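Here's the structure we're looking at; comments come further down.
What you see is a predicted model, and the numbers here were worked out from it, not measured in a lab.
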Amino acid sequence: MVGLGRREILGLGAAVTLLAACTACTGTKKGEEADADGAKVRTDLEPLERRFAGLGPLSGAHWLGIGLGADTRGSVPGPTDVRVVGTAQLKAGAVAAITGVSLQSFQPETPPRLPEEIAEFVPEGARWVRSDAFDRGMTAGTYTGGFYLDPGTDTVYFDTTNPSVPADG
């Protein structure tokens, strides 16, 4: 019988380490709810409040962080792009205050590409409005995203790719 050589032992160790790391990544963390397909609907507010400070304080949220599988920015290879999409509840009157800014030019628009994991959290009968100027202000040109506001429920539906935390946040 031949024993394992140094290469085989190192290879086996690397495989065990990789398997352990992958297994650790599949657990549901606090603030997450796994659906039947394995996508995790998150409810934690802090990551959203840090990235979307222009919305003000949030009182509830249901959102997903979805790995898109490729760096779509065409930059140096790096981490996978992440779509952050969901709904959040703003404080009473916040949407009226945001949409009341005359330079924003909000117009009725229905959000595209609504993930089925989030659909149950979208207010029934929502009358969404959106503004290119508001989107540019929220993203500060550092990532792509759309923000749809419903004045009747003070809800925002957001659909972003690689939302970053502002430098001063």
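A heavy-atom distance below 4.5 Å is not found between the side chains of Val156 and Thr87. Within the 4.5 Å cutoff, the side chain of Thr43 has no heavy atoms near those of the Trp63 side chain. Residues Leu58 and Leu48 are in side-chain contact: their nearest non-hydrogen atoms beyond the backbone lie under 4.5 Å apart. Proximity of Glu49 to Pro57: side-chain heavy atoms (C-beta onward) are separated by under 4.5 Å at one or more points. You'll find the side chain of Arg83 stays beyond 4.5 Å of the side chain of Thr160, heavy atoms only. Residues Ile66 and Val85 meet the side-chain proximity criterion, which asks for heavy atoms closer than 4.5 Å. For the pair Leu90 and Ile98, the minimum side-chain heavy-atom distance is below 4.5 Å.
Rounded to the nearest 0.5 Å, atoms CG (Asn162) and CZ (Arg51) are 10.0 Å apart.
In this structure Gln104 satisfies the side-chain hydrogen bond (donor to acceptor under 3.5 Å, both in side chains) test with no other residue, sequence neighbours excluded. Considering only residues two or more places apart in sequence or on other chains, Ser131 meets the side-chain hydrogen bond (donor to acceptor under 3.5 Å, both in side chains) condition with none of them. Checked against side-chain hydrogen bond (donor to acceptor under 3.5 Å, both in side chains), Thr99 has no partners two or more places apart in sequence or in another chain. Listed by chain and residue number, Arg50 satisfy the side-chain hydrogen bond (donor to acceptor under 3.5 Å, both in side chains) test with Glu46 (two or more places apart in sequence, or in another chain).
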For residues 142-149, dump all side-chain donor-acceptor pairs below 3.5 Å to protein atoms at least two apart in sequence or in another chain.
residue, atom, partner, partner atom, Å
Thr142, OG1, Thr139, O, 2.8
Thr142, OG1, Ser164, OG, 3.2
Tyr143, OH, Met138, O, 3.4

Using atom types as modelled, flag every donor-acceptor pair under 3.5 Å from a side chain in residues 106-114 to any protein atom, sequence neighbours excluded.
residue, atom, partner, partner atom, Å
Glu109, OE1, Arg130, NH1, 3.0
Glu109, OE2, Arg130, NH1, 3.4

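When atom types are taken as modelled, the side chain of Asp150 and the backbone of Arg127 share a donor-acceptor pair closer than 3.5 angstrom.
Of all the heavy atoms in Phe121 and Val41, the pair that sits closest is CE1-CG1, 3.9 Å. Residue Asp154 comes nearest to Gly93 through the heavy atom pair OD2-N, 3.0 Å, listed as atom of the first residue, atom of the second, then distance.
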>> Run Thr161 and Val82 through side chain to side chain contact (heavy atoms under 4.5 Å, CB included) and show every step you take.
In response: CA-CA 6 Å; Thr161 302; Val82 176; over 6 Å; no
